[in-house]
Amino acid sequence: MSSQQTLGRYEIVETLGRGAAGVVYLAQDPALGRLVALKTLDRAAGGEAETLSHLREARAAGSLDHPNIVTVYDVAAAGERPFIAMEFVQGTDLKALLRPRQPLPHDFVLQLVEQVASALDHAHGRGIVHRDVKPGNILITDDERVKLADFGIADTHGDRAGDRLGTPHYVAPEQLKGQPVDRRADVFSLGVVVYEMLTGRRPFEAPQLEEVVRRLADEPFTPPAEHGVQLPVAVEDVLARALAKDPTDRFATAGKLSAALAEALQTPDEAATRDLSDLLPEPAAAP
């Protein structure tokens, strides 16, 4: 896309991705001389009410100032193409690092969870619940910092247009049932991510979407041993508490989940990595 095309004051550089709610562009902010990610909102796809809800939540997320949270710079509601201008993060995401049946090194897991938990606790302390914690929203920068994206502006449509639940593997049971959610819904989602990193599998896998939803709502997670992964009993206890169906049985905060996991994983890890860079791809050239 030509850099001469604009959205608001921003000059479009290229398309970064497309989703059910709209398009994400890489753009230049000429006023401040920096690159930003522009997330456009499609009124037709989400409806007027949902678009306005995204914008209100984006404004709230803009108040968050934390090194592990992608910063929201600007929100524009006027015109046919409302958009949210966010920090452009150069690097990769956790989804790109996950491989089926290939657990990640324990010390990498601990580093990542500690930073995500710090981001969540910061937001929760300001009354903001993410509601869409998943590997695709956990970014890892080229300088090895973890950043949580889409705070308060998470796309609930999932990966396929018209599919309200999308891929619900990371959604807390109370979300599936349409019940009110609080910080403990994010704790559940983070627990799913932890399970996937430690086992290379999701805890509530099933061939059909309807069965995934049923398992999330009513059934316990698959024991890691059934995937051929032997974890310390203390780690399985942490997972059981994080993935409890009743929010009152979960860790009260993401930070407490992170601390409990760190204590449970004190045993030596044969597949240890010295730092995040051992798993990251080579940094791409800046646009």
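Because the structure is predicted, anything quoted here is derived from the model rather than measured. Because only heavy atoms are used, hydrogens play no part in the values below, and waters and symmetry mates are left out as well, while side chains stay in.
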Quiz item: Would Asn68 and Val116 satisfy side-chain contact (heavy atoms from CB on, under 4.5 Å), going step by step from the backbone distance to the final call?
Solution: CA-CA 7 Å; Asn68 300 119; Val116 172; over 6 Å; no

Self-check item: CA sep, side-chain torsions, deciding dist, call: Val109, Leu261, side-chain contact (heavy atoms from CB on, under 4.5 Å)
Solution: CA-CA 10 Å; Val109 173; Leu261 183 65; 4.2 Å; yes

Quiz prompt | Leu148/Val70 under side-chain contact (heavy atoms from CB on, under 4.5 Å): CA gap, chis, key distance, verdict | solution = CA-CA 6 Å; Leu148 191 54; Val70 173; over 6 Å; no

Exercise. Please lay out, stage by stage, how Asp65 and Thr71 fare under the test side-chain contact (heavy atoms from CB on, under 4.5 Å).
Key: CA-CA 7 Å; Asp65 182 14; Thr71 304; 5.6 Å; no

Exercise. Tell me, with the steps shown, if Arg34 and Glu87 meet salt bridge (Lys or Arg N to Asp or Glu O under 4.0 Å).
Key: CA-CA 9 Å; Arg34 65 183 172 193; Glu87 174 186 3; over 6 Å; no

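Of all the heavy atoms in Gly17 and Val23, the pair that sits closest is O-CG1, 3.4 Å. Residues Gln175 and Ala185 share a closest heavy-atom pair of OE1-CB, 3.9 Å. The heavy-atom pair separating Gly191 from Leu257 by the smallest distance is N-CD2, 4.2 Å. The nearest pair of heavy atoms linking Thr253 to Val187 is C-CG2, 3.7 Å. Considering all non-hydrogen atoms of both residues, Pro203 and Arg215 come closest at O-NH2, 3.6 Å. Closest non-hydrogen pair, Val133 versus Val193, comes out as O-CG2, 4.4 Å.
No donor-acceptor pair under 3.5 Å is formed between the side chain of Glu114 and the backbone N or O of Gln111. Looking at Lys245, its side chain does come within 3.5 Å of a backbone N or O of Leu216 through a donor-acceptor pair. Ser189 places a side-chain N or O within 3.5 Å of a backbone atom of Tyr170 that can act as its donor or acceptor partner. Side-chain atoms of Ser258 never come within 3.5 Å of backbone atoms of Ala117 as a donor-acceptor pair (strictly under, hydrogens ignored). Listed for the Asp93 side chain is no donor-acceptor partner under 3.5 Å among the backbone atoms of Asn137. Looking at Gln28, its side chain never comes within 3.5 Å of a backbone N or O of Glu11 through a donor-acceptor pair. Of the possible polar contacts, none joining the Arg250 side chain to the Leu243 backbone as a donor-acceptor pair under 3.5 Å is found. With hydrogens and angles ignored, the 3.5 Å screen pairs no side-chain donor or acceptor of Gln90 with any backbone N or O of Asp142. Judged by distance alone, with hydrogens and angles left aside, the side-chain atoms of Thr141 form a donor-acceptor pair with the main-chain N or O of Arg145 at under 3.5 Å. Although no hydrogens or angles enter the test, the distance criterion places a donor-acceptor pair under 3.5 Å between the side chain of Arg99 and the main chain of Ala96.
Counting heavy atoms from C-beta on, the side chains of Glu196 and Pro135 come closer than 4.5 Å. Thr40 is not listed as a side-chain neighbour of Pro82, based on a closest heavy-atom distance of 4.5 Å or more. Under the 4.5 Å side-chain criterion, counting only non-hydrogen atoms from C-beta, Glu174 is in contact with Pro247. In this structure the side chain of Asp74 never reaches within 4.5 angstrom of the side chain of Ile84, judged on heavy atoms. In this structure the side chain of Lys134 never reaches within 4.5 angstrom of the side chain of Val171, judged on heavy atoms.
The aromatic rings of Phe204 and Phe188 lie parallel to each other, with less than 30° between the two planes, well short of the 60° mark.
For His227 and Thr222, the side-chain atoms include no donor-acceptor pair closer than 3.5 Å. His124 and Asp186 share a donor-acceptor pair across their side chains, judged by distance under 3.5 Å alone. In this structure, a donor-acceptor pair under 3.5 Å is absent between the side chains of Asp29 and Tyr73.
With respect to Asp150 and Lys39, a salt bridge is recorded, a charged nitrogen being found less than 4.0 Å from a carboxylate O. Using a 4.0 Å cut-off between charged side-chain N and carboxylate O, Glu263 and Lys256 make no salt bridge. Electrostatic pairing of Glu211 and Arg214 counts as a salt bridge here, judged by a charged N lying under 4.0 Å from a carboxylate O. Here Arg184 pairs with Asp182 in a salt bridge; the nearest charged N to carboxylate O distance falls below 4.0 Å. For Glu226 and Arg201, the salt-bridge test fails: no basic side-chain N is under 4.0 Å from an acidic carboxylate O.
Atom CD1 of Ile69 sits about 12.0 Å away from atom CG of Leu139, to the nearest 0.5 Å. Distance check, rounded to the nearest 0.5 Å: CG of Leu16 to CG of Leu38 gives 9.0 Å. In this structure, CE on Met197 lies 7.5 Å from CG on Leu98, to the nearest 0.5 angstrom. With rounding to the nearest 0.5 angstrom, the CD atom of Glu144 is 9.5 Å from the CD1 atom of Ile140. Atom CG of residue Leu120 and atom NE2 of residue His130 lie 7.5 Å apart, to the nearest 0.5 angstrom. With rounding to the nearest 0.5 angstrom, the CD atom of Gln115 is 11.5 Å from the CG atom of Leu110.
Figure legend: Arg241 and Phe251 shown as a cation-pi pair, the cationic atom lying under 6.0 angstrom from the six-membered ring centre and within 45 degrees of its axis.
Checked against a 6.0 Å centroid threshold, the rings of Tyr25 and Phe83 do not count as neighbours.
Of the options Leu104, Val229, Val235, a side chain to side chain contact (heavy atoms under 4.5 Å, CB included) to Leu198 is made by Val235 and by none of the others.
Within a 6.0 Å radius of CG in Asp246, more than 12 heavy atoms belonging to other residues, nucleotides or ligands are found.
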